[in-house]
Every structure is written in structure tokens, then in C-alpha cells.
Amino acid sequence: MLQPHHCFACGSLNSHGLHLALHAGEGRCWVDTTLDPRFEGWDGIAHGGIIATILDEVMAWAVIEHDLWGVTARMTVEFKKPVPIGQPIRGEGRVMSVRRRIVETEGVLTAEDGTVLARAEATYVGAPAEKKAELKARYGFVLAPDGADGA
């Protein structure tokens, strides 16, 4: 459980945000959500920026699940199919490789039936130790011990 904060994607204090209920474990992060019409681009379809935001968030929290904290340095998104408003979707991110403070990730957004709607790859730059400690304290984030349920 995180301390309340204003992040557009996962914060509970941002009245305009997505309020994503993220889950992390086993080297990955995932979220199940249904987008409401305020995140619409074209009629009935989610705005591409919202799709990118969800993918960035699950990849970033996959990085944090590895006890690394950082910022997005580069991200590419491949939009495969329109993301419907008002229907369940799942975003999932995982860490692919770690080289010192450089973390490579991948993310996927799927429909309830498993259809791939979007894919992403991103590079994150990890925070120095003192900044990581500050962020962990600010957000109240604690990794679950090995073997604990990540959901």
C-alpha cells in the first residue's frame, strides 16, 4: 500500500487521474482497469496518451518492484488495435535487463480476451541511493518479502 500522492496514473489524491490499482510481484507489475469516457480520444476509443501513460506506469513500477527507482529516459509505443472505453483492459510491465542504473523494460496492454492492444519498450535510469531512499520514504513503499503474494 502506498501513501496517498498526486501521481496522475496511480495517485489517489489526483481528482483528474487514472487511480490505477497497481500490483507487483515476480519481477512484474500489472493493473486491471476500465477507462471511462473522460479518457476518450475519438468516439469510444482511449486517447493514445492515456495508453502510453498506463504502459509507462506498469513498466516503471516493475522497475521499483526490483527495488530500483528511476525515471523514464526513452519509451516507444506500438499501437496495435483501438483501446475501447468502458471495457476491461490489463496493462503489464516487466524488467528485461539491468545494467548498473540502466533498466530496460517491456509492457503490453491487452483486452479481456487476451488480444494485444498496444506494446511498449522503455529505458529507465535508476536514481542514486540517497534519492531512492527519499522516494521510498515519501511513498511508504516496502517490498514484500520473498515468497509473499504480490497481488
Side-chain angles (χ1 to χ4, degrees), residues 2 5-12 14 16-36 38-42 44-136 138-139 141-144 146 148-151:
L2 295 174
H5 59 286
H6 289 278
C7 174
F8 175 77
C10 68
S12 61
N14 189 329
H16 301 290
L18 290 164
H19 303 140
L20 298 176
L22 300 166
H23 306 277
E26 300 177 7
R28 66 189 181 100
C29 175
W30 68 96
V31 65
D32 294 311
T33 193
T34 300
L35 296 173
D36 68 42
R38 67 191 168 117
F39 300 117
E40 188 174 70
W42 282 1
I45 298 172
H47 189 281
I50 297 300
I51 296 163
T53 299
I54 294 168
L55 289 166
D56 185 37
E57 198 71 4
V58 294
M59 291 185 294
W61 280 97
V63 170
I64 293 169
E65 201 273 329
H66 276 73
D67 200 26
L68 301 167
W69 292 70
V71 295
T72 312
R74 180 184 67 230
M75 184 170 116
T76 59
V77 180
E78 181 181 3
F79 300 95
K80 308 287 269 176
K81 295 193 178 286
V83 176
I85 292 293
Q87 294 182 24
I89 56 174
R90 172 174 273 220
E92 186 170 325
R94 68 180 66 250
V95 170
M96 302 308 292
S97 68
V98 179
R99 294 181 324 274
R100 300 175 104 187
R101 290 181 34 217
I102 305 298
V103 184
E104 302 293 337
T105 64
E106 71 175 10
V108 65
L109 191 69
T110 56
E112 195 171 32
D113 68 1
T115 300
V116 174
L117 304 171
R119 290 188 181 280
E121 293 181 354
T123 302
Y124 294 83
V125 178
E130 62 277 359
K131 183 65 173 178
K132 180 172 92 168
E134 176 189 323
L135 290 167
K136 288 171 91 168
R138 177 181 175 196
Y139 290 102
F141 183 78
V142 177
L143 285 172
D146 288 343
D149 181 17

Open item on the list: Under the criterion side chain to side chain contact (heavy atoms under 4.5 Å, CB included), I'd like the reasoning laid out for I50 against E40: C-alpha separation, chi angles, the key distance, then a yes or no.
Closed with: CA-CA 9 Å; I50 297 300; E40 188 174 70; over 6 Å; no
TODO: Specify the closest pair of heavy atoms between M59 and A122, including all atoms of both residues, with the distance to one decimal.
DONE: CE-CB, 3.7 Å
TODO: Name all pairs fulfilling the salt bridge (Lys or Arg N to Asp or Glu O under 4.0 Å) condition that reach into residues 108-128, sequence neighbours left out, sorted by first residue then second.
DONE: none
- [ ] Please collect all side chain to side chain donor-acceptor pair (under 3.5 Å) contacts where either partner lies in residues 79-88, sequence neighbours excluded, each pair once.
- [x] E78-K80
Open item on the list: Applying side chain to side chain donor-acceptor pair (under 3.5 Å) to T123 and R74, what does each step give before you reach the verdict?
Closed with: CA-CA 5 Å; T123 302; R74 180 184 67 230; 2.9 Å; yes
TODO: Drop me the distance from R90's CZ to I54's CD1, to the nearest 0.5 angstrom.
DONE: 13.0 Å
Task: Nearest heavy atoms of C29 and V58, plus distance in Å - done: CB-O, 3.3 Å
Task: Non-hydrogen atoms of A62 and G93 that approach each other most closely - done: CB-O, 3.6 Å
TODO: Of all the heavy-atom pairs spanning I51 and A46, show the shortest one and how long it is.
DONE: CD1-O, 3.9 Å
Task: Minimum side-chain heavy-atom gap T110-T115 below 4.5 Å - done: no
- [ ] Kindly indicate whether the side chain of E57, heavy atoms from C-beta on, has any atom under 4.5 Å from the side chain of V31.
- [x] no
Open item on the list: Looking at every non-hydrogen atom in both residues, tell me the closest pair between T105 and Y124 and how far apart they are.
Closed with: OG1-CE1, 3.3 Å
Task: Minimal non-hydrogen separation, I89 against L117, with atom names - done: CG2-CD1, 3.8 Å
Open item on the list: Given 3.5 Å as the limit, does a donor-acceptor pair link the side chain of R101 with the main chain of G126, or not?
Closed with: yes
Open item on the list: In terms of relative ring orientation, are W61 and W69 parallel, tilted or perpendicular, with 30° and 60° separating the classes?
Closed with: perpendicular
TODO: Can you sort out the partners of E134 under salt bridge (charged side-chain N to carboxylate O under 4.0 Å, His left out), two or more places apart, ordered by chain and number?
DONE: K131
TODO: Calculate, to the nearest 0.5 Å, the distance between atoms CH2 and CD1 belonging to W42 and I85 respectively.
DONE: 14.5 Å
Open item on the list: Would E104 and R99 count as a side chain to side chain contact (heavy atoms under 4.5 Å, CB included) here? Give the steps.
Closed with: CA-CA 9 Å; E104 302 293 337; R99 294 181 324 274; 3.9 Å; yes
Task: T76 OG1 to E106 CD distance, which is reported to the nearest 0.5 Å - done: 11.0 Å
Task: Approximate separation, where rounding is to 0.5 Å, of L35 CG and I45 CD1 - done: 12.5 Å
Open item on the list: Nearest 0.5 Å, please: how far is OG1 in T33 from CZ in F39?
Closed with: 8.5 Å
